[in-house]
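Presented below is the structure to which this report refers.
From a predicted model like this one, the values you see are computed outputs, not experimental measurements. Sequential numbering from 1 along the given sequence is applied to the chain's residues.
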Amino acid sequence: MSDNGESPEVIARLLNGLSAEELARIRVLLERPIQGSPMSVSISGPAIGCAIGPNAAVSARDIVTALGGQPTDERQLATDRLWRALSKRNLADPGAVDFGQTVYAKRMQLTDALGRPVAIRTVGFFLAQMPAPLVREPDLNRFMAWMDVNKRIYPPIRVPYFLPGMFPQRISKAVVWHNGNLPRFPQGNQHYFTYLAAEIDEGFIEYGFCAGAVIKPHENGVYFSRAIAGFMCFLQFIRDLAGTFGGDAAVVSVGLALRGTTGTVLKEFADPNVEAMCATSPIVKPSFLWTRPADGADWSPDAVARAASVELLDHWSILPPPGAEEPEFSGGKYTGRYYRYYCAGQWA
């Protein structure tokens, strides 16, 4: 339809909201057989010249404008797409009982010293909606080779465990790297407490982790420094993925979520003595969700992680001292001070 290369999906979104009469006029114009050279057609409304026919230069955006409409806001499109993706995965409504009950998160569990299963009190999620497909068919083998646990290492995590498994497994729609034992049968009842699920066809990536204590899961702490450190790694990973396989980070939507925060307290956001003085009562909020829909502008992991950290602190009603930046940041840049102090670069 257009020299501008607009896909049918984009055209449909741009034409959304036009009346049946206006759509009929457009259909007649576009389907009318044209003989010879392009024809100039005037459409009532804010006048523009539209070339209809072979080598036409008219686009769906032109038609919408000509009919007096306004092209759909790109940020709103990205927001709607992200919301639909999150809704499909029980990640859109933090107040819902089934929030965070994704296909992959349902398999998460810890074990005690005797190997008995223990439920995870607070589950964290890093989320990314990229243009679909995640990678093109010819690049799939290269993508699988690129997802090397020894190479996908991003600061501040110093150990090769951010990609939580050497060999992926197919679970539902995704290729999943996890830290559980691979079952004997492909869809066996394996369990894990960290995973990265890449839905290739949907362009969606979900990273699940234990946001509280792994060794003592009965404790009610949610670890701020670890969640922000992991999010920094995830954001660098997403930018690396987009750049390596011909994508654009500016059109990627990202998010951070927590499930099971009722009765918890936030930890590792200050020096131990200061943190003891800033301790708050356990909150009565079941879950947390923060998102950054793509807006076509480039972004840095530091800026995005800092914006998420503001909302994460607010979830526990914690405010930095007057004039001070959020914990783990200085001059707008991530420092990882408390992560290095409490976790020394480790990742479960």
Side-chain angles (χ1 to χ4, degrees), residues 1-14 59-61 71-86 88-89 104 125-155 157 160 162-177 195-207 230-256 291-305:
M1 172 178 173
S2 167
D3 280 351
N4 298 334
E6 292 178 340
S7 67
E9 181 183 1
V10 171
I11 293 171
R13 287 197 294 253
L14 288 169
S59 70
R61 189 177 299 274
T72 306
D73 179 73
E74 297 300 328
R75 182 178 175 85
Q76 186 59 49
L77 291 176
T79 300
D80 293 345
R81 185 180 180 219
L82 178 61
W83 184 86
R84 288 194 298 270
L86 297 179
K88 288 168 57 177
R89 297 165 178 83
Y104 319 108
F125 301 92
F126 306 137
L127 310 165
Q129 177 65 70
M130 306 180 74
L134 197 63
V135 293
R136 298 170 301 175
E137 185 72 28
D139 291 329
L140 279 177
N141 289 337
R142 185 162 69 96
F143 169 71
M144 298 303 289
W146 183 80
M147 292 287 280
D148 185 329
V149 66
N150 294 304
K151 295 179 180 179
R152 304 279 66 82
I153 302 175
Y154 304 93
I157 296 176
F162 177 72
L163 186 61
M166 296 185 64
F167 306 104
Q169 181 185 0
R170 184 77 183 189
I171 300 177
S172 187
K173 296 180 179 180
V175 182
V176 181
W177 287 261
Y195 67 88
L196 185 153
E199 296 186 1
I200 305 294
D201 294 337
E202 302 285 339
F204 193 83
I205 296 181
E206 176 184 317
Y207 191 109
F231 196 38
M232 276 292 298
C233 289
F234 181 76
L235 295 170
Q236 293 172 80
F237 164 77
I238 292 300
R239 290 187 64 89
D240 196 5
L241 173 61
T244 301
F245 294 93
D248 181 2
V251 297
V252 178
S253 299
V254 295
L256 169 62
T291 61
R292 181 195 182 277
D295 58 6
D298 199 11
W299 50 268
S300 71
D302 298 85
V304 173

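By the 4.5 Å heavy-atom criterion applied to side chains, Ile205 and Leu241 are counted as neighbours. At least one side-chain heavy atom of Arg239 sits less than 4.5 Å from a side-chain heavy atom of Pro301. Annotation: side chain of Leu196 is not in contact with side chain of Val175 (no heavy-atom distance under 4.5 Å). At a threshold of 4.5 Å between non-hydrogen side-chain atoms, the residues Met130 and Phe204 do not count as touching. The shortest distance between side-chain heavy atoms of Thr291 and Leu86 falls below 4.5 Å. Within the 4.5 Å cutoff, no side-chain heavy atoms of Met166 are placed close to those of Trp177. Inter-residue side-chain proximity for Val254 and Leu127 is flagged as unmet; no heavy-atom pair is nearer than 4.5 Å.
Atom-to-atom distance recorded for Met232:CE and Ser300:OG is 8.0 Å, nearest 0.5 angstrom. Annotation: the span from Leu77 atom CG to Asp295 atom CG amounts to 12.5 Å, rounded to 0.5 Å. Put simply, CG on Asp139 and CD on Glu137 are 9.5 Å apart, with the number rounded to the nearest 0.5 Å. To the nearest 0.5 Å, atom CD of residue Glu206 and atom OH of residue Tyr195 are 3.5 Å apart.
No side-chain donor-acceptor contact under 3.5 Å links Arg142 to the backbone of Ala145. Although no hydrogens or angles enter the test, the distance criterion places no donor-acceptor pair under 3.5 Å between the side chain of Gln129 and the main chain of Thr79. When atom types are taken as modelled, the side chain of Ser253 and the backbone of Ala294 share a donor-acceptor pair closer than 3.5 angstrom. Distance alone, capped at 3.5 Å, is enough to place a donor-acceptor pair between the Arg89 side chain and the Ala85 backbone. Judged by distance alone, with hydrogens and angles left aside, the side-chain atoms of Arg152 form no donor-acceptor pair with the main-chain N or O of Pro160 at under 3.5 Å. Side-chain atoms of Trp299 do not come within 3.5 Å of backbone N or O of Val304 as any donor-acceptor pair.
Considering all non-hydrogen atoms of both residues, Arg170 and Lys173 come closest at NH2-O, 3.2 Å. The two residues Ala78 and Pro293 come nearest to each other via the heavy atoms C-CB, 4.4 Å. Scanning all heavy atoms of the two residues, the minimum distance from Val149 to Leu163 falls at CG2-O, 3.2 Å. When all heavy atoms are compared, the tightest approach of Ile157 to Gly230 is CD1-CA, 4.4 Å. Here the shortest heavy-atom pairing between Thr244 and Asp240 reads OG1-O, 2.7 Å. Looking at every heavy atom in both residues, Arg292 comes nearest to Asp298 through NH2-O, 4.4 Å.
The local environment of CE in Met144 is crowded, with over 12 non-hydrogen atoms from other residues, nucleotides or ligands closer than 6.0 Å. Around the CH2 atom of Trp83, the shell of radius 6.0 Å holds no more than 12 heavy atoms that belong to other residues, nucleotides or ligands.
Ring pair Phe237/Phe234 is tilted by interplanar angle, where 30° to 60° counts as tilted.
The six-membered or imidazole ring of Phe245 lies near that of Trp146, with a centre-to-centre distance under 6.0 Å. Aromatic ring centres of Phe162 and Tyr207 lie closer together than 6.0 Å.
Side-chain polar atoms of Tyr104 and Glu199 form a donor-acceptor pair below 3.5 angstrom.
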